[in-house]
Amino acid sequence: MVELVKEHAPITGEQIAEMLGLSRPTLRSDLALLVMLGYVDAKPKVGYTPGSAISPGHEASRKLQSMKVKDVQSMPVVVKETASVHDAVVSLFMENVGSLIVVDEEGCLSGVISRKDLLKFTIGNNAAAGMPVSMVMTREPNVIHVQQEDLVLEAARKMIHHQVDSLPVVVPSHIESSQGRQRWEVVGRVSKTMMTQILLDLATEP
């Protein structure tokens, strides 16, 4: 999206959506995050232009570019893959999060499950509540995640590119996989809400 804005600026959200073959509502949150990160600027009645809010050399930009995931991560909200869909829905609302991280019996990352996943699975499915979340979740190795030493900007790019609201923060697990894949221990999470808070804090620093 950033490259489209650079090439065609000024460009409207509708034009970006049309070029990407997506709907405008689908892009709304991603465009908002790009604006907040300073990659693009939004001008009323004009459209999107290349970002200038956080310019190279600006103190806020330098801080943002050096900030690591381990500096901002929050506690993960985790459920076991044997938990029921009903338990997952309760956890989502009790913890007020948009997605849950699913772990296996050994505590390693197994998948993620979002509100949208649960909504699609439960509509018209009277038996859904008692089914395990493993039937609904996005499974490893298809889960997008970050590690503690990754830059916050890289985490933001992954969220935008993959259109997800949060990412598990992981460290390599010492438990070996029977398929020879790397297994991951979940140690935290980062979210779009967290990114917004970081930008707000940087913008309002004295």
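Starting from 1, each residue takes its place in the sequence as its number.
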### Summary
Heavy-atom nearest pair, V79 first then S91, reads CG1-OG, 3.9 Å
### Query
Does atom NE2 of H174 have more than 12 heavy-atom neighbours from other groups under 6.0 Å away?
no
#### Entry: hydrophobic_cluster_shared for V146 and V143, side chain cutoff 4.5 Å
no
### Task
Kindly indicate, with the supporting measurements, whether the criterion side chain to side chain contact (heavy atoms under 4.5 Å, CB included) is fulfilled by V170 and Q147.
CA-CA 5 Å; V170 299; Q147 298 189 56; 4.2 Å; yes
### Task
Grab the two heavy atoms, one from P168 and one from V112, that are nearest each other, plus how far apart they are.
CG-CG1, 3.9 Å
### Summary
Heavy atoms of A42 and V35 approach each other most closely as CB-CG2, 4.0 Å
### Message
For Q182, give me all partners under side chain to side chain donor-acceptor pair (under 3.5 Å), at least two apart in sequence or on another chain.
### Response
none
### Query
Can you list the residues that meet the side chain to side chain donor-acceptor pair (under 3.5 Å) rule with S173, with sequence neighbours excluded?
none
### Query
Yes or no on side chain to side chain contact (heavy atoms under 4.5 Å, CB included) for L109 and E185, after CA distance, side-chain angles and deciding distance?
CA-CA 6 Å; L109 177 64; E185 178 186 347; over 6 Å; no
### Query
Got a sec, which residues hit side chain to side chain donor-acceptor pair (under 3.5 Å) with T193, two or more places apart in sequence or on another chain?
none
### Where P50 and A9 come nearest, the two heavy atoms and their spacing
CD-CB, 3.5 Å
### Query
Between E81 and S110, which heavy-atom pair has the shortest distance, and what is it?
OE1-OG, 2.6 Å
### Task
Take N125 and T122 through the side chain to side chain donor-acceptor pair (under 3.5 Å) test and state the conclusion after the steps.
CA-CA 5 Å; N125 185 353; T122 54; over 6 Å; no
### Partner set under side-chain contact (heavy atoms from CB on, under 4.5 Å) for P25, not counting sequence neighbours
S23, R28
### Query
Going only through I, L, V, M, F, W and Y residues with side-chain contacts under 4.5 Å, is there a path from V97 to M137?
yes
### Task
Answer yes or no: does atom CG of N126 have more than 12 heavy-atom neighbours from other residues, nucleotides or ligands under 6.0 Å?
no
### Task
Show your working on side chain to side chain contact (heavy atoms under 4.5 Å, CB included) between M67 and V72 and close with a plain yes or no.
CA-CA 8 Å; M67 197 175 292; V72 302; 3.6 Å; yes
### Which atom of L153 lies closest to which atom of Q65, heavy atoms considered
CD1-CG, 3.6 Å
### Query
Taking only residues two or more places apart in sequence, or in another chain, which ones meet T82 in a side-chain contact (heavy atoms from CB on, under 4.5 Å)?
K80
### Message
With rounding to the nearest 0.5 angstrom, report the NE2 to CD1 distance, H162 to I144.
### Response
4.0 Å
### Main-chain N/O of L92 paired to E95 side chain as donor or acceptor, under 3.5 Å
no
### Apart from I123 itself, residues in the same hydrophobic cluster as defined by side-chain heavy atoms under 4.5 Å
L119
### Message
Hydrophobic cluster membership, with links at side-chain heavy-atom distances under 4.5 Å among I/L/V/M/F/W/Y: are L20 and M159 in one?
### Response
yes
### Message
Could you see if I16 belongs to whatever hydrophobic cluster contains L22? Use Ile, Leu, Val, Met, Phe, Trp, Tyr and a side-chain cutoff under 4.5 Å.
### Response
yes
### Query
Can you hop from V164 to V77 via hydrophobic side chains spaced under 4.5 Å?
no
### Query
Among pairs that include at least one residue of residues 109-136, which meet salt bridge (charged side-chain N to carboxylate O under 4.0 Å, His left out), considering only residues two or more places apart or in two chains?
none
### Task
For P10, enumerate each residue passing the side-chain contact (heavy atoms from CB on, under 4.5 Å) test, keeping only those at least two apart in sequence or located in another chain.
V46, T49
Would you give me the side-chain donor-acceptor pairs under 3.5 Å for residues 100-108, sequence neighbours excluded?
from, atom 1, to, atom 2, distance (Å)
D104, OD1, E106, N, 2.9
D104, OD1, G107, N, 3.1
D104, OD1, C108, N, 2.9
D104, OD2, R183, NH2, 2.2
E106, OE1, R183, NH1, 2.6
E106, OE1, R183, NH2, 3.1

### Task
Calculate, to the nearest 0.5 Å, the distance between atoms CG and OH belonging to L31 and Y48 respectively.
4.5 Å
### Task
Could you tell me whether the side chain of N96 and the main chain of F93 form a donor-acceptor pair under 3.5 Å?
no
### Task
Rounded to the nearest 0.5 Å, what's the gap from OG1 on T12 to CD on E18? Could you check?
8.5 Å
### Message
Please enumerate all residues that pass side chain to side chain donor-acceptor pair (under 3.5 Å) together with K192, with sequence neighbours excluded.
### Response
S29, D30
### Contacts of K6 that satisfy salt bridge (charged side-chain N to carboxylate O under 4.0 Å, His left out) - sequence neighbours left out
E3
### Task
Nearest 0.5 Å please: distance from the CZ atom of R157 over to the NE2 atom of H161.
12.5 Å
### Task
Any pair with a residue in residues 132-149 that passes salt bridge (charged side-chain N to carboxylate O under 4.0 Å, His left out), sequence neighbours left out, goes on the list, sorted by first then second residue, please.
K68-E149, K70-E149
### Message
Heavy-atom count check: over 12 atoms from other residues, nucleotides or ligands less than 6.0 Å from H8 NE2?
### Response
yes
### Task
For side chain to side chain contact (heavy atoms under 4.5 Å, CB included), just list the numbers for L167 and R189, CA-CA rounded to whole Å, side-chain angles, deciding distance to a tenth of an Å, and then say yes or no.
CA-CA 6 Å; L167 298 170; R189 66 186 288 269; over 6 Å; no
### Message
Using 0.5 Å steps for rounding, measure from the CG atom of L118 to the CD1 atom of I113.
### Response
3.5 Å
### Summary
So CD of Q148 and CD of Q73: to nearest 0.5 Å the spacing works out to 4.5 Å
